[in-house]
Structure formats: structure tokens, C-alpha cells
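Proteins come first, then strands; the chains are lettered A, B, ... in the order of their sequence lines, and each starts at number 1.
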Amino acid sequence: MNIDIQAEAITPRRHTFSHIARRFGVDKPASRYEEATYDVQPVANFHYRPTWAPEFELYDVARTRIVMADWYVFRDPRQFYYATYNISRAAMQQSFDDAVNFVEKRGLVAGVAPAWREAVAAYLLPLRHLEWAANMNCQLIADWGYGTQITSAAAFCGADRLGLAQVISRIGLVLGEGGDDHLVAAKTLWVDGAAWQPLRRLAEDMLVLRDWFEVYVAQLVVLDGLVYPLLCESFDAAGVAHNGAPISMMTGFLADWFADNSRWTDAVMKAAAGESDANRTVLNGWLRQWGERAHEALLPVARQVLGEEGDAAVAQARRQLSARLEKLGLTLGEEVPA
Amino acid sequence: MVARKLSLKQKYGHFTRGLDWEPSYQKQEDIFPFATYEGIKIHDWNAWEDPFKLTMDAYWKFQAEKERKLYAVIDSMAQNNGQLGITDARYLNAVKIFIQGVTPLEYQAHRHFAHLARHLPGAGLRVAAQMQSIDELRHCQTQIHTISHYNKFFDGIHDFTHMHDRLWYLSVPKSFFDDATSAGPFEFLTAISFAFEYVLTNLLFVPFMSGAAYNGDMATVTFGFSAQSDESRHMTLGLEAVRFLLEQDEANVPIVQGWIDKWFWRGYRLLSLVGMMMDYMLPKKVMSWSEAWETYYEEAGGALFADLARYGIREPKYADVAKAEKGHVSHQVWSIFYNYAQAAAVHTWDVDDQHLDWLREKYPETFAQHYEPRYRAWREQAEAGKRFYNDGLPQLCQVCQIPMAFTEVDDPGTISFRVSEHQGEKYHTCSDGCRDIFEHEPEKYVQAWLPVHQIFQGNCGGATLPEVLDWYHINQGADNFDYAGSPEEEQWNAWMEGRRPAAFPAAAAE
Amino acid sequence: MSRPVSITLQNSQDGIAIANAILADNPEAQRKSFPAMTKIDCPGRLSILADSVSERLGREWDPQEIHMSVISLSGSVDEDDGSFTLFWR
Amino acid sequence: MPVVSLKPGYSGPVRDRVENFHGAYLVYVHWEGHLNFCSAITLPLPPTTPFAALADEILPSLYQADPGWSGVDLAAARWTLDGEDWSPDRTLALGEQGVGHKSLIRFWTA
């Protein structure tokens, strides 16, 4: 339609919004990620102090010890805005559904050694509660974080964590042949099982943190950085001896998700650490503190799954995280003896 | 092997609130420190019934599909110069107010529903809140992406977040939302999910989006309707949440009633801007503000409050005033924008005869007597080359922050002035509704960042209008002033001229 | 109780099929047409039956797909495997 | 009634205290019966401003956009100050005849 109008008559008068042009130049069309993400959060002239925290403005840089000159340096390498995020996750979910359908239709779980089935139910299913805590932590970051860039990505990560908790629950239903016995049992383990209590205590301790960047470090960098490698590498590898491949088919997405999420967390940590020595000092302090806590909390779970090799597996996960952080200019700190 | 199948409800229970546990290493009140201070008593969080049983797999699937459809329309609009399909360039002013005033509220809603998703002690409500949180982010981002195309051709859109934090009329929506987010979680839920989303949001979206459809703005219709599909979920959350609070404890009833009274009035005042858009900015009109109010408040709200009567909830205080004013508010707000088009990032214009006919027909009781003479006089002044502008800065209501243009309910010729005193200082409000809100929580409203007062304190770039407009980032001579003579008018006329078949312009020129 | 419940649907393929199913299955339902959308009011209660919509679409329609077509609603919601109902308590 | 807050003593900045206006009061003026001026107008005026300056210079500069303003006789106008009848004295300053910070002056002309 309207092709009869000569092209010069409908030349755009500008390429993008002024706030985007101020960052990237006036003559460049902006990407959808940029327009959706940069400078969207209100920054000035707030009308009322929160009745629940009058010491802060509604959006306030003082809610964390991390100090940034510009809060829009946390570019998400995945460039997620709502549409790309959901399309990506719908695809991830589809591949999980395909895997579960494949396993269910062929009754493959029946071929897994019963003891390993029980072991998986005992280590994987309680983690859905840990995901739920991660979900709450992401909501805190989305709530109190500063700048659309890091908070929108945290909101997506929060949705991921609810989704992960639900996907793990679904595996629980598969293991229970459709029944919920395993989910009920796993909750009892999480709440009362001795091996899980250090981890649950850690999760609850994180839920009372108020510095949102500390929550980011403790949950998304440290705890995830230890739990996922442990789960996706050491625990998964232990299943090979028990014909665990059908389980691995269903849990394979966990490693994919972690790799995807780590691209974002690495970018965030690198930018925060690169900003100043002061930031690096704060970050290293949190890494050390929460690294020690997480290491200790995971030992009993690892021992339960891997026996005497459990300690080495946690130490291995810790070395991986440490190497990752070193590339970002950060230090996890020394290994703690168990 | 025979698979046992859980019911939808059982499964949903495990997949949401079943994830939650009773903390024992930390105290409940340290994990949820904001849960009790408002005086709301919840005895059994498990009594909360989730109206929609949406798990993340279904959420991702549906939302991804919606987004694919929507972005196909946005792409197509960019490729095909969709801006040429609108009825008239004046229509775009409604879109400008939308991105300046509404889109940033979608963003604020995103952030504060994350607050609820973290800080409400009930796991079921937290799940609903977090879905709404990312839905609201969706609305914000899809609006930006849709309107991005119009921004390439039209003025007033280019710096909407900067303007939202500063511009005089945008402090109306901003202070509305700041008021909600600075309140406790239950007041926010009542304010936004119930009073705004359930009771009033149809007045914003449905006529406006239907109006966009009628005016050839397919992109806005698409994002609007697509957003409304989420909105239905949000409205249902609002209704069920309020019902839940009312059922949990009788002591909650007066607290919730107070919030309903306050937020009905806050929302109603905010929507007077929407009334102005509907009655004045849509070249082709779907329904008048008055008709929309009847359909979406008086009918739907009537059924709602009749239903809530069992809990001891009555209609919002001053709903009768809103009803009595429905023939006036849109005209009074248009007058504000006509007065101050030199300081706004939207255009206004003189109302033409056809439009006057429509307004007379839609407002038989009020228009010809009270507003038509004013518009005719303005038009004569403009035709004589002296377009009327108000050179003084308006007095603003301390609560709703709209210029104090609203009149006494029984006397449309007299402005309704209300004044209160707090700690020896006067505070002016536009109505009994806003006065009551002030007097209920004066410690809050004395903090209001009133744009006119801020200019006089010297906080807005300087003492002259051009300096203030620079500080607002208004492109002077393009974003502001009357539509007549604007670059937008010139561009639109050139486009329309270009659309005639080739033979005609030549003939017309002879 | 006969306070009206109400649903507003997009005039899309699915939306039109849902509207037609409602009008067929709820004798008291009344249609109002607007640009790009259809509003249906019904005293007291209104049900969307999945089978009825499926038959009109020629495919299996899940009540959760209502999220793709709905613009607005008024009333409380009850959602199950075979139907989607609006009602006042 | 005090605002409900998490901790007692909730407060924020009182934004429009008189000391924030560099020696001026905020004064609102409204010409009744002329709603082409949509609302009252806000003016920052030192309390030493003589009423004559308001009547002879400031009000005309604001209201002359109305073609009828030229026929207005302010000397014959009826005035109220903060809701009370008011007989302003041209020779006195605003602050000397009851005008305070955020006072509202309304006037009716024939």
C-alpha cells in the first residue's frame, strides 16, 4: 500500500529515541534490545518516600554497596527483551517436553537401575525448593536493583527459576509414574533431612539479605556456580554406571540453562568488577563469604550421592567457579577444609 | 505400567505453592518484613485460590506465540509505512500521551509486582504477582517497540522517559504510581490490581484501542489487544485478591474500603486525561468519555460492588461525583492542554464544526452551554492570528497534580477550590476526593514534587519558559504549540498530497 | 442473581469462534460489536465449552487458549479441563 | 490521621516550604468567570510586592490574552483572600494585608 508516495517524502526524521541516541549516536537505528532496555527506569523527582523504607527513594542507588557511574553497562550478551526471552524459553521448554515424551512413551525410566532412580529423586527433587528460593532472590533484584538492564534480566531469570522448579517437579512426576509421592518425599527431605539442612539454612539466610547485589553474587554467581556443575557433571556422570541415560535426557536442559545464564552473570560481574577497585573489594568479600558457606552446605548432599568422592566433586566445582571468576578479575578465595 | 494422573488443580498446587516451605532458620517476619504493618490480617494463606492455573511451560508457549504475532505486525508496519494509514496526524497525539504517560507506568508496575512477588508471604499470590511483573515489562517493551516507528516521523515521542520524570502533566501519572509503590504491599494490590486494573483499566484500554482500530493505527491495536489478554488475568487477580483479603478477617474490611475509596478517586482523576484523548484526539470516535464511563464503570462497577456488598463493601466514596461530572471533565482537561500547548509535548488545536456537532450530540446537557462558546471564541482568536495561550503557570492540585480546572459539581462555572492546613502550611486540592486523600495522609502528600512549584524553586533549568522547555527536552517549535503550523501538519499534508493519483495534483495546480 | 458477567474478545479467527460458541451455548448471552472486538454480556453466568469451540475451529481447543483471544472480562473465573466459566458468587 | 508506615515517625521532605522560594511567596490568583484561563495561576511574589504592582502590571500581563480584559475595571472588582472577603489596599504590600505563602486570591469583575 501507499507505494505511490515517493521515497524522499517519507524519510524518517529521526532514527531512534533521544535517550538511545545520546548513548549510541543520532544517526544509528537502534536495536530492539537497546530501545527496550536502556534508560527506561525512572531516575529523578520521585514524589513520596516509601512508607516501608523512608530512608530510600523509590529507586535508589544506595540499596547496594556496589557503586556505578552508569548503571547501563550490564549489557546482557543474550540481548533478552520480553519477546526474545519468551521465544527462547518456549523453545527450551519444547525440547524438554520432547525429551520427556520420548522417555515416557518408551517407558525408559523403567530401565534405569532402581537404586539410581531413588538416588535421583533424593538429590534432584529437593532442589526444586532451592529454585524457589532462587526465584525469590531474583524478584528481590528485579525489585530493588537499579536500571532496567540488570533488573529486567533478573526478572527473566526469576521466571526461569520458577520454570526450572516446575520442570524438576515434572521429572518427579515421571519418576513417580504420574503420582506425587516423590514430590512429597522430597519436600520432607528438604525440610527435615539432615543432609539438606545446611543448604536450607543457607537459602533462608540469603532471604534476609537486603543488599540486592550481594543477593546477586550469593545466589546467581556462587550458589548456582557450584550447584549446577555438581548436578550436571559429577552427579550426572555417576548415573552412567546405573543405566542413567534416560534421566540424563530429561535433565540435560539444566546444563544448557546454566551455560546460558552464566553468559549473563559473567558479563555483569565483569562490568561491576571493572568499574573500580572498591567494587572489586566488595565483590571479593561476598564471593569469599558465600563461597565458603555454599561449599560447606553442599558437602553433605554430595556425599550422599557420591559417597567418599563427594568432597572432591564439590572441590572440583569450586575450582571451576574460581577459574571462571578469575577471568572476570575476581577471586573466590582459598579452599576451605571441610 | 499404568500412569496415575493428578488433576489440574493438584498438579498446579505442587508446581506453585508446593514449592514453598515454612522457614525455620530465619523468622517469617524477617523474610517478609512488610507483611503486617498495614494492619491486614491473613490467617490462612492457603485459602488463596488461583483463578488461572498457568504454569511456566504454558506461559512461555502462549506468550511466545503472542509476541510472534505482534512483532510480525510491527515489522510489517515499518516496512509498509504504516503511519500513512492513520486517519489524521492529529490522532498521533493520543499515542504521544500514551507513551509519555502510560508506558512508564507499565514499567513501574513491572518493578513493583516484582516487589510483591518477593514480599507477599503467600506463595500462590507471589506466583501470580511475578507473572504479572513480567507481563507488565512486556507491555512496556512492546509499546516502546510499536511506537518507535511513529517516533521516526512524529514529534513529542523522542524522549519519553526523560519527560516522564519532569514534565508538568506527566507528574499526574507519575505521582499516581509513586503513591501506590510507596504504600505497603496490600494497599498496592488493592490500588493497582483491584481499583485500577479491575475497576478502571477498561476505560483506558478498551475504548482507546478500539479507537486506534477505528483510526487506522493497526500497530497500537495489536499491542493493545495483545496486552489486554494479559490484563484479563491481572483483573481477575485484583478481584480475587480483594475478595481474599475481605474473607480473611472482618477487620480488613474498613481498611480495604478506605483504599478502594482513595484509589477509585486517584484512578478516576488520572483517567480524565484519557477522557480528553477520547473526546478530542481521536479523529474518528468510537464512544464518548461519558458513554465509556457508563459502560465500563456504572454498569460493570455496579455489578461488582453489588457482589462485594456481602462483605460490607460499598461503592467507592464520591462515585456519585464522578457520575455527576461525566459531562464536564473531558472538556475541562482539553481546556488545560489548549491553554498550555506551548509547554506540552503534544499538540492541541481548534475544534472544528463537525467535531462541535459530535460533542453537542454526545453531551446534550453540558456542551453547548458551557464549552462551545469558549471554543468558538478561541477559534476566532486563532483565526485573527492570536491563538490563545495562557502565560501564567497553573495552580496544581496537591494530590492528583492536575491543574485545578475542575468545577464544583453543581456549578460548572466555578472552580472547585479546597484547602487544608498541615503544620501551619496550606495545601490546595481540586475536589473533596483529593482533599480527603490529603487529609488522611498529609505526611505523604506534603512531599509531592509539584512541577510548577519546582520551576519557581529554580530546580527546572531556569526562570524562563524556553529554559524550562529545554530542561524538559522539548524540541521547541516541533514538539509543542498548536497543531496548526506544526512540522507534523506540514509533513502530513505533504504525504496526503503525495497519495493523490499523479494526474490530480497537476490539474489542481492550474 | 442476574448481575451481568461479560467478556470481550478480539475479532480474530479464534475469537469469533469462541463468541459464536458462547452465543450458542448461553441462550441469554447478548453480543455487542465494536471496531476489532466483540463484547458479550450475559446475566449471572456464562460458560465457554471447549467442545463447542473445538467443533467450530475444527481442532482441539484448550480452555487455557482463552489467553490468546480475550480482551477483557467481568466476573469471577472458573477454569477447568473442559470449560471456562464467568460468574458472580 | 497519620500515615500508616512500617516504623513510627515516617516523613519525607516537605517540598514547598516558603524558604525554598528565594524570598517569594507562592500566590495563586484566579479571575472568576473566565474559564478560558483553565485554572488559577501560580505566581512567586515577594511579600513586599505592592498590591498596585499586582493589579497594574502582573494581572494585565497574564490576562490580556482575553480580548475582554481591556474593559475590566479592577478598582470595581470584588476580591476574596483565602476564602474571606477582601478589600485590598493599593498602597500596601501583599504581605502587609494578609497574603501569605500559598494564599489564594480570587476576583470577580463586571
Side-chain angles (χ1 to χ4, degrees), chain A residues 1-2 4-6 9-10 12-15 17-19 32 35-36 39-40 42-52 58 81-83 86-87 89-90 93 107 128-129 132 136 139-140 142-143 151-152 155 158-159 162-163 165-166 169 177-180 183 190-191 201 204-205 207-208, chain B residues 1 3-6 14-15 19-21 23 25-26 30-31 34 55-57 60-61 63-64 67 71 80-81 84 104 107 111 114-115 117-118 130 133-134 137-138 141 144-145 148 151-153 158-159 161-162 164-166 175 178-179 181-184 444 447-449 473 494-495 498-499:
Chain A
M1 63 186 224
N2 304 318
D4 54 319
I5 300 187
Q6 290 183 357
I10 45 173
R13 293 164 61 200
R14 57 185 75 78
H15 292 289
F17 298 105
S18 299
H19 56 277
R32 286 207 169 124
E35 290 195 341
D39 300 309
V40 177
V43 292
N45 307 328
F46 301 107
H47 289 273
Y48 321 107
R49 292 297 178 114
T51 57
W52 37 275
L58 286 166
Y81 53 97
Y82 185 88
N86 274 275
I87 290 167
R89 289 323 187 231
Q93 180 70 41
R128 67 197 202 104
H129 303 290
W132 178 241
M136 290 176 66
Q139 302 303 335
L140 185 105
D143 175 15
T151 53
S152 63
L162 178 60
Q166 292 178 346
S169 308
E177 294 167 26
D180 59 5
L183 298 183
W190 175 252
V191 174
R201 179 190 288 269
E204 292 183 17
D205 288 353
L207 289 174
V208 297
Chain B
M1 102 183 97
R4 287 167 291 159
K5 196 165 182 277
L6 300 181
H14 279 300
F15 281 30
L19 301 171
D20 201 30
W21 74 93
Y25 298 106
Q26 290 287 346
D30 291 333
I31 295 178
F34 312 129
T55 45
M56 285 310 298
D57 55 347
W60 284 325
K61 187 174 105 185
Q63 299 301 97
E67 291 295 75
Y71 280 85
N80 298 307
N81 280 305
L84 299 173
Y107 182 74
R111 295 290 295 269
H115 181 81
R118 171 60 187 80
Q130 64 186 275
S133 169
I134 54 173
L137 180 61
R138 167 176 193 243
Q141 294 186 327
I144 291 171
H145 288 149
S148 172
N151 173 53
K152 294 183 167 79
F153 297 94
H158 61 93
D159 223 343
T161 62
H162 179 90
H164 188 78
D165 277 350
R166 291 164 182 82
S175 61
D178 282 6
D179 196 350
T181 57
S182 56
K444 200 167 184 185
Q447 303 171 54
W449 192 93
H473 290 181
W495 284 348
R499 287 178 85 171

(message) Nearest 0.5 angstrom please: Met136(A) CE to Asp20(B) CG, how far?
(response) 7.0 Å
(request) Calculate, to the nearest 0.5 Å, the distance between atoms CZ and CG belonging to Arg14(A) and Asn151(B) respectively. (result) 5.5 Å
(request) Give, for atom CD1 of Ile10(A) and atom CG of Leu84(B), the distance between the pair rounded to the nearest 0.5 Å. (result) 5.5 Å
(message) Taking side chain as everything from C-beta outward and backbone as N, CA, C, O, which of these in Gln139(A) sits under 4.5 Å from a heavy atom of chain B? Side chain, backbone, both or neither.
(response) both
(request) For His14(B) and Asp180(A), work out which heavy atoms get closest and say how close. (result) NE2-OD2, 2.8 Å
(request) Assign the ring pair Tyr71(B) / Tyr81(A) to parallel, tilted or perpendicular, where the plane angle (0 to 90°) is split at 30° and 60°. (result) tilted
(message) Show, in sequence, the C-alpha distance, side-chain angles and deciding distance for Val43(A) and Thr161(B), and conclude whether the side-chain contact (heavy atoms from CB on, under 4.5 Å) test is met.
(response) CA-CA 9 Å; Val43(A) 292; Thr161(B) 62; over 6 Å; no
(request) State, to 0.1 Å, how close Asp165(B) and Ala44(A) come at their nearest heavy-atom pair, and which atoms those are. (result) OD2-N, 3.2 Å
(message) Can a donor-acceptor pair be found, under 3.5 Å and without considering hydrogens, that links the side chain of His47(A) to the backbone of Ala448(B)?
(response) no
(message) Using a 4.5 angstrom heavy-atom cutoff, name the option from Val191(A), Thr51(A), Leu183(A), Asn45(A) with the most pairs to chain B.
(response) Asn45(A)
(message) Looking at chain B, which one of Asp143(A), Asp205(A), Asp39(A), Leu140(A) has the largest number of heavy-atom pairs inside 4.5 Å, strictly under?
(response) Asp143(A)
(request) Return yes if a side-chain donor-acceptor contact under 3.5 Å exists between Thr55(B) and Gln166(A), otherwise no. (result) no
(request) Identify the heavy atoms of Gly158(A) and Gln130(B) that sit nearest to each other, and give their distance. (result) O-OE1, 4.1 Å
(request) Please state whether the side chain, the backbone, both or neither of His164(B) comes within less than 4.5 Å of a heavy atom of chain A. (result) neither
(message) So Ser182(B) and Phe46(A), do their side chains get closer than 4.5 Å, heavy atoms only?
(response) no
(request) Go through Arg49(A) and Gln447(B) one step at a time and tell me if the side-chain contact (heavy atoms from CB on, under 4.5 Å) criterion holds. (result) CA-CA 8 Å; Arg49(A) 292 297 178 114; Gln447(B) 303 171 54; 3.5 Å; yes
(request) Give, as side chain, backbone, both or neither, the part of His129(A) having an atom under 4.5 angstrom from any heavy atom of chain B. (result) both
(request) Examine whether an atom of Leu162(A) lies under 4.5 Å from a heavy atom of chain B, and if so say whether it belongs to the side chain, the backbone or both; otherwise answer neither. (result) both
(message) For Leu207(A) versus Arg118(B), what's the shortest heavy-atom pair and its separation?
(response) O-NH2, 2.6 Å
(message) Within this structure, what is the OH-CD1 distance for the pair Tyr82(A) and Ile134(B), rounded to the nearest 0.5 Å?
(response) 5.0 Å
(message) Pair Glu35(A), Ser148(B) - check side-chain contact (heavy atoms from CB on, under 4.5 Å), show working.
(response) CA-CA 8 Å; Glu35(A) 290 195 341; Ser148(B) 172; 2.7 Å; yes
(request) Kindly indicate whether the side chain of Glu204(A), heavy atoms from C-beta on, has any atom under 4.5 Å from the side chain of Pro23(B). (result) yes
(request) Sort out for me which of Gly163(A), Pro12(A), Ser152(A), Pro50(A) touches chain B most, counting heavy-atom pairs under 4.5 Å. (result) Pro12(A)
(request) With a 4.5 angstrom heavy-atom cut-off, could you sort out which part of Phe34(B) is near chain A: side chain, backbone, both or neither? (result) side chain
(message) Quick check for you: to the nearest 0.5 Å, what is the distance between Gln93(A) atom CD and Met56(B) atom CE?
(response) 9.0 Å
(message) Using only atom types and a distance under 3.5 Å, with no angle test, would you say the side chain of Trp60(B) pairs donor to acceptor with the backbone of Ile87(A)?
(response) no
(request) Measure the NE2-CZ distance between His158(B) and Arg13(A) for me, rounded to the nearest 0.5 Å. (result) 10.0 Å
(message) Shorter than 4.5 Å, heavy atoms on both sides: which option in His145(B), Gln63(B), Arg166(B), Lys444(B) has the most such pairs with chain A?
(response) His145(B)
(message) side-chain contact (heavy atoms from CB on, under 4.5 Å), that's the test. Do Tyr25(B) and Val208(A) meet it? Break it down for me.
(response) CA-CA 11 Å; Tyr25(B) 298 106; Val208(A) 297; over 6 Å; no
(request) Using a cut-off of under 4.5 Å on heavy-atom pairs, state which of Gly184(B), Ser133(B), Ala114(B) scores highest against chain A. (result) Ala114(B)
(request) Heavy atoms only, distances under 4.5 angstrom: which of His162(B), His473(B), Gln26(B) has the most pairs with chain A? Name it, please. (result) Gln26(B)
